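Heads up, the thing below is written out as structure tokens.
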Amino acid sequence: MIDLHTASTPNGHKASCTLEELGLEYTVHPINLGEGDQKTESFLRMNPNGRIPVIVDRGNDDFTVFETGAIMIYLAERAGELLPTEQKQRSRVMQWLMFQMGGVGPMMGQANVFYRYFPEKIQPAIDRYQNECRRLFEVLDLQLGRSEWLADDYSIADIANWCWVRTYRWSGVSREGLENLDRWLAVMKEKPGLRKGIQIPESADNLLEDEQAAREFEKNVQKIVQQ
């Protein structure tokens, strides 16, 4: 059994979606980011960086893993799925996983900060990060025009990138004209494990439709951004 300490963010969903797609049993421990649960002494013992998600593998001497890429690799290796063992195939998956971790995630995260959360609207910063997100989307679109999936087969690289790219509207980034990316997003959205994973620990997908919920969410995140 695996304990999952998480919140409804793209990084949190990377872990829950991977667990669901692999069919692994897990228990959810919701973390209230606005209340600072991730800064408590008990949480910092699991992750000194004070970020979600974290997993604790109760079936492996309570082994603890933080950082989403490390979590996804650990779970895939544990289950023997979604990460090839052949060297070149594995490297292709790792390259696109690192592309998300080093590019898509940080750039969309910064777009969110300046477009949504930062009290001052600094337009050059908003433009900088939204334009870089769009460039990264174009890289994904190019690759997905060459291959059905980001690597040879469906893998944790697809899950990692999808969990962030699907939130493009929240970041204010355009998908216009990216037909290959659109095709991939549509296929990914229909996977049962992913559909369930993005509801863990609760759905945040109503934020663009519910103005009051969006304002409340932004208010809570502003506390975190300014810490």
Side-chain angles (χ1 to χ4, degrees), residues 2-40 42-44 46-47 49-56 64-72 74-75 97 100-101 104-118 133 156 158-173 185 188-227:
I2 290 170
D3 286 346
L4 171 63
H5 302 263
T6 193
S8 290
T9 71
N11 279 334
H13 291 154
K14 285 167 64 177
S16 54
C17 285
T18 301
L19 284 160
E20 288 291 338
E21 284 292 275
L22 292 170
L24 297 173
E25 292 186 12
Y26 66 101
T27 300
V28 179
H29 301 269
I31 299 298
N32 188 322
L33 300 177
E35 294 298 321
D37 291 354
Q38 73 281 15
K39 301 297 184 181
T40 62
S42 60
F43 190 91
L44 292 173
M46 296 186 293
N47 181 3
N49 195 34
R51 298 289 187 271
I52 62 95
V54 174
I55 63 167
V56 180
T64 301
V65 188
F66 64 88
E67 287 295 326
T68 52
I71 289 171
M72 298 178 85
Y74 178 84
L75 293 173
L97 176 63
Q100 183 278 310
M101 293 167 58
V104 173
M107 292 301 101
M108 292 188 73
Q110 290 300 315
N112 291 345
V113 167
F114 288 101
Y115 180 61
R116 290 280 180 183
Y117 311 138
F118 204 68
C133 290
I156 56 174
D158 294 287
I159 298 173
N161 281 277
W162 179 77
C163 286
W164 273 96
V165 174
R166 63 180 289 275
T167 67
Y168 68 98
R169 287 187 295 169
W170 190 253
S171 305
V173 182
L185 285 168
M188 293 289 287
K189 186 172 72 170
E190 296 305 314
K191 288 186 171 292
L194 301 183
R195 292 170 70 93
K196 186 173 180 180
I198 59 174
Q199 304 298 318
I200 304 298
E202 71 275 327
S203 175
D205 279 6
N206 66 337
L207 293 179
L208 286 171
E209 286 75 28
D210 188 332
E211 186 175 343
Q212 182 176 350
R215 284 200 302 267
E216 186 64 26
F217 182 83
E218 289 174 4
K219 183 179 178 181
N220 287 335
V221 175
Q222 282 173 1
K223 298 178 187 176
I224 303 169
V225 169
Q226 295 175 37
Q227 285 177 353

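Since the structure is predicted, the reported quantities are computational estimates derived from the model, not experimental observations.
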Whether the side chain of [X] engages the backbone of [Y] through a donor-acceptor N/O pair (distance < 3.5 Å, no angle test) should be reported.
| X | Y | result |
| --- | --- | --- |
| Asn47 | Arg51 | yes |
| Thr18 | Met72 | no |
| Asp37 | Asn32 | yes |
| Thr167 | Trp170 | no |
| Glu20 | Leu194 | no |

Is the number of heavy atoms from other residues, nucleotides or ligands within 6.0 Å of CD (Glu190) greater than 12?
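More than 12 within 6.0 Å, yes.
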Step by step, work out the side chain to side chain contact (heavy atoms under 4.5 Å, CB included) result for Thr64 and Val54.
CA-CA 7 Å; Thr64 301; Val54 174; 3.6 Å; yes
Decide side chain to side chain contact (heavy atoms under 4.5 Å, CB included) for Lys14 and Met101; before the verdict, give the C-alpha distance in whole Å, the side-chain angles of both, and the deciding distance to 0.1 Å.
CA-CA 11 Å; Lys14 285 167 64 177; Met101 293 167 58; 4.0 Å; yes
Among Leu24, Val28, Thr6, which residue satisfies the side-chain contact (heavy atoms from CB on, under 4.5 Å) criterion with Leu19?
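It is Leu24; the other options fail the test.
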Identify, with sequence neighbours excluded, every residue that meets ring pair (Phe, Tyr, Trp, His ring centres under 6.0 Å) alongside His5.
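Result, ring pair (Phe, Tyr, Trp, His ring centres under 6.0 Å) vs His5: His29.
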Under 4.5 Å between any side-chain heavy atoms of [X] and [Y], yes or no?
| X | Y | answer |
| --- | --- | --- |
| Phe66 | Met46 | no |
| Ser16 | Ile198 | no |
| Val56 | Ile2 | no |
| Trp162 | Cys17 | yes |
| Ile31 | Phe43 | yes |
| Ile200 | Ser8 | no |
| Ile156 | Leu97 | yes |
| Ile71 | Pro53 | yes |

Shortest non-hydrogen contact from Ile159 toward Glu21
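Closest approach of Ile159 to Glu21: CD1-CG, 4.0 Å.
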Under the side-chain contact (heavy atoms from CB on, under 4.5 Å) test, residues paired with Pro106 that sit two or more places apart
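Counting only residues at least two positions away or on another chain, Pro106 forms no side-chain contact (heavy atoms from CB on, under 4.5 Å).
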Can you sort out the partners of Tyr74 under side-chain contact (heavy atoms from CB on, under 4.5 Å), two or more places apart, ordered by chain and number?
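Counting only residues at least two positions away or on another chain, Tyr74 forms a side-chain contact (heavy atoms from CB on, under 4.5 Å) with Ile55, Asp57, Asn60, Phe63, Val65, Arg78.
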How far does OH of Tyr115 sit from CE of Met108, to the nearest 0.5 angstrom?
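Result: 11.5 Å between the selected atoms.
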How long is the straight-line distance from CE of Met107 back to OG of Ser171, given to the nearest 0.5 Å?
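One finds 11.5 Å between OG of Ser171 and CE of Met107.
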